[in-house]
**Q** 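Below: one structure in structure tokens.
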Amino acid sequence: MIRRFALPVVLVLAIGVVFVFIIRDEKEQSSIQEATPPVLPSDAPVVTLPPIAPTPSTPIVNPPAPPPPVTPPPDPPPVVPPPPADEPPPVNPPPTDEPSLPPPPEPTPPTPYLSGNGGDSVIALTYSTTAGTENKLPFSYTLIAAYDVSLLESIASENFSTPPLGAAVVPLTLSTPGSLFIGDVLNNQTVFFRVRACDASIPAHCAATSAVGVTPKLQKITASLGAPETVFDWTTDRCDDLDLPDSNARAVRLVDGSLFFIAANGPQAFRMTGADFDHLERNCSTPILVSKKNQDPAQFENWEWVWSVYRIGSKIHALIHNEYHDASASVCKVGETGPGNPCWWNSITAAYSTDGGASFTRYDLPFRVVAALPNPWNPDVLGGTTPNVHGYLTPSNIVKHADGYYYAFLDSDTSPTLNAAQAGGSCIMRTPDLGSPDNWRAWDGASFSIRMDPPYTYPSLSPQSTGKPFCKPVATVVAPGFDVVSITYNTYLGKYLAVGYGKFKPADSVVCGFYLSTSSNLTHWSEPQLTLAGNFPIGGACPSKNELVETYSYPSLIDHDAPDTNFETSGETAYLYYVINHGGLDRDLVRRTITLTK
């Protein structure tokens with residue numbers, strides 16, 4: 001039964017503004033574009049705005065003295081042509097039946113188009129050519145940018161490749177029509193762009209657009225939270241003492257329309273089921289997964305949490321949060337195989353269920369490994385008497401993009417003792433096939449190219465570094481300590497909406513709590529905005545080391561009215577789920593309505 005008690009909160013957050021997608025008419029009028037953008041493909045190229053030098057001022061100098069006059073030479077004497085020779089009379093050409101051919105048409109120049117829109121510190125541009133030469137030659141594109149629209153408009157088409165000071169060429173990874181994102185742009189400052197299209201003829205026929213201005217900025221909206229409702233009470237609903245919510249709430253609709261719901265713990269996980277969200281009950285008949293607690297790190301079946309689920313047909317795919325704790329090394333806690341051991345090496349693996357979530361089966365090695373660090377476990381490097389979390393962990397829920405790929409966030413956690421090349425924060429990965437766990441690829445800052453293979457050889461289980469780079473946290477969600485743990489496509493905002501937790505300084509003081517962020521392409525996100533303040537059990541800048549202090553953890557956003565099987569979308573009103581930690585093992589899972597207002 002869902003229990004309710006009153007604690008309303010109204011909060012204000014700022015979410016990246018979106019701008020209308022404007023296509024210029026053939027009059028080539030300069031424009032500044034501000035309205036709702038399309039959701040561009042997540043693999044659209046991402047570039048950084050190049051440095052734009054200030055427009056130089058023209059120095060005032062005295063003109064040079066004129067040169068002395070030059071006396072021209074005298075004209076040569078006139079040349080008298082000889083008298084014309086006798087010429088034969090003209091001969092008319094013989095008649096012909098073939099008509100004379102008209103000259104070939106003069107090729108017409110291309111007609112390029114450019115449109116743009118902006119969000120929080122992000123500009124999205126789309127460029128194309130809708131008309132051109134009759135021979136249908138391919139086109140190449142050059143994009144230039146400036147803060148001074150007059151300067152930009154004065155640049156001739158043939159000078160686009162080497163623009164003057166005050167303008168710059170924006171690198172295009174694709175010379176064909178397409179879209180790109182420009183990240184890390186200052187808000188409230190208009191940037192003007194022009195694009196030139198040239199065909200492949202010799203000489204080339206080129207044409208350029210006039211200036212299109214885009215102004216990134218924020219738009220304030222409000223988010224109202226309703227009263228908390230208890231979904232799981234550890235005191236009365238647990239199957240055993242370790243049955244507590246130790247992960248983010250996830251849900252899928254089963255084939256019969258009922259719900260599979262999980263917010264569970266390791267070493268064994270229990271599910272909740274019900275006809276709808278108001279009738280969820282803990283199912284204690286049998287755990288859906290029992291951790292192997294294997295002490296060989298190469299096996300990747302240690303302490304395991306069923307963290308994210310996604311149903312396709314009768315098969316439920318799962319991402320597993322896997323923790324290895326070395327119970328043998330002297331620098332660790334000898335004999336302790338669980339989270340009480342400060343030696344902590346994390347990875348993400350995969351499993352699946354074909355019985356409606358009643359049980360989950362691991363994939364075989366090495367295919368079960370979704371994300372592992374490139375270096376094998378080494379207690380002499382990674383061990384210690386204080387908790388040191390290293391690895392990839394706590395994946396978000398899975399969403400399917402219009403491009404056919406499945407996407408999920410993962411946390412990259414490290415310390416200087418591991419490798420300075422690994423940046424901590426929220427990374428994003430994708431796969432074309434959930435049934436092939438080794439097909440996941442992480443974002444490298446420009447594309448999804450990073451394999452996260454296990455650093456061991458199989459079947460020998462010998463340690464061997466893969467030499468692969470670490471994933472790169474996504475742009476503008478790199479605010480320290482912000483972990484993205486839940487994503488949906490919000491139909492009300494027309495953007496992806498991420499929920500995470502972190503600690504920031506919005507007003508010269510650290511505020512811990514749950515934050516929201518938005519994105520049009522899943523790789524560039526707005527500045528996180530506070531939606532619920534609270535302390536965390538992880539400690540740090542939040543005063544939560546004292547177990548008497550109530551703390552919050554594991555937020556997620558679920559829209560009960562979402563039409564899809566896996567609750568990948570959300571609307572104007574949804575539910576914010578999270579865990580309240582009362583101290584010790586006593587944890588409750590609660591939910592609150594969250595209503596967005598533009």
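What you see is a predicted model, and the numbers here were worked out from it, not measured in a lab.
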**Q** Can a salt bridge be assigned to the pair Lys293 and Glu301 using a cut-off of 4.0 Å between side-chain N and carboxylate O?
**A**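 No, Lys293 and Glu301 are not salt-bridged.
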
**Q** State whether Asp246 and Arg587 are salt-bridged, where the test is any N-O pair (Lys NZ or Arg NE/NH1/NH2 against Asp/Glu carboxylate O) under 4.0 Å.
**A**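 Salt bridge: yes.
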
**Q** Can a cation-pi geometry be assigned to Arg368 and Phe300, taking NZ or CZ under 6.0 Å from the six-membered ring centre and within 45° of the ring axis?
**A**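 The answer is no, since Arg368 fails at least one limit relative to Phe300.
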
**Q** How many angstroms lie between atom CZ of Phe448 and atom OH of Tyr405, to the nearest 0.5 angstrom?
**A**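 Answer for the CZ-OH pair, Phe448 versus Tyr405, is 9.5 Å.
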
**Q** Examine the side chains of Asn322 and Asn302 and answer whether a donor and an acceptor come within less than 3.5 Å of each other.
**A**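 Looking only at side-chain atoms, Asn302 and Asn322 do form a donor-acceptor pair, the distance falling under 3.5 Å.
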
**Q** Under a 3.5 Å cutoff, is there a donor and acceptor pairing between the side chains of Asn397 and Ser556?
**A**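 Side chains of Asn397 and Ser556: no pair found under 3.5 Å.
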
**Q** If we only count heavy atoms from C-beta on, is the Phe261 to Tyr577 side-chain gap below 4.5 Å?
**A**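 They are in contact (side-chain heavy atoms under 4.5 Å apart), so the answer is yes.
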
**Q** Working to the nearest 0.5 Å, report the span between OG of Ser353 and CD1 of Ile316.
**A**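 Answer rounded to 0.5 Å: 5.0 Å.
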
**Q** Side chains of Leu225 and Phe514: closer than 4.5 Å at any heavy-atom pair?
**A**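 Answer no - side chains too far apart.
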
**Q** Are Asn490 and Thr488 close enough that a side-chain donor and a side-chain acceptor fall under 3.5 Å?
**A**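 No.
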
**Q** Is there side-chain contact between His390 and Asn346, with heavy atoms separated by less than 4.5 Å?
**A**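 They are not in side-chain contact.
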
**Q** With no hydrogens and no angle check, just 3.5 Å: does a side-chain donor-acceptor pair link Thr230 and Asp588?
**A**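 Distance-only check fails for Thr230 and Asp588.
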
**Q** Do Arg311 and Val255 have side chains that approach each other closer than 4.5 Å (heavy atoms only, starting at C-beta)?
**A**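 Yes, their side chains come closer than 4.5 Å.
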
**Q** For residues Glu323 and Pro339, report the shortest heavy-atom separation together with the two atoms involved.
**A**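 For Glu323 and Pro339, the tightest heavy-atom pair comes out as OE1-CG, 3.8 Å.
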
**Q** Could you check whether any side-chain heavy atom of Ile594 comes within less than 4.5 Å of a side-chain heavy atom of Glu572, counting everything from C-beta outward?
**A**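 They are not in contact (no side-chain heavy atoms under 4.5 Å apart), so the answer is no.
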
**Q** Quick one: closest heavy-atom pair of Leu289 and Ile320, and the distance?
**A**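 Shortest heavy-atom separation between Leu289 and Ile320 comes out as CD2-CD1, 4.1 Å.
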
**Q** Could you tell me which non-hydrogen atom of Gly513 sits nearest to which non-hydrogen atom of Leu530, and how far apart they are?
**A**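 The pair with the smallest heavy-atom distance is CA-CD1, 4.2 Å.
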
**Q** Are any of the side-chain heavy atoms of Cys471 and Trp443 separated by less than 4.5 Å?
**A**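 They are not in contact (no side-chain heavy atoms under 4.5 Å apart), so the answer is no.
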
**Q** Quick one: side chains of residues 265-273, donor-acceptor pairs under 3.5 Å with protein atoms, not counting sequence neighbours, listed by atom name and distance.
**A**
unit_1, atom_1, unit_2, atom_2, d
Asn265, OD1, Trp305, NE1, 3.1
Asn265, ND2, Leu242, O, 2.7
Gln268, NE2, Asp240, OD2, 2.7

**Q** Both conditions, 6.0 Å and 45 degrees, for the charged tip of Arg591 above the ring of Tyr575: are they met here?
**A**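 Arg591 over Tyr575 ring: yes.
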
**Q** Does any non-hydrogen side-chain atom of Val252 lie less than 4.5 Å from one of Tyr310?
**A**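 Side chain of Tyr310 against side chain of Val252, heavy atoms only: no contact under 4.5 Å found.
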
**Q** Strictly below 4.0 Å, N to O, side chains only: are Arg238 and Asp233 in salt-bridge contact?
**A**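 Looking at Asp233 together with Arg238, the answer is no, because their closest N to O distance does not fall below 4.0 Å.
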
**Q** Any side-chain donor paired with an acceptor under 3.5 Å for Asp444 and Ser449?
**A**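 The answer is yes; a qualifying pair exists.
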
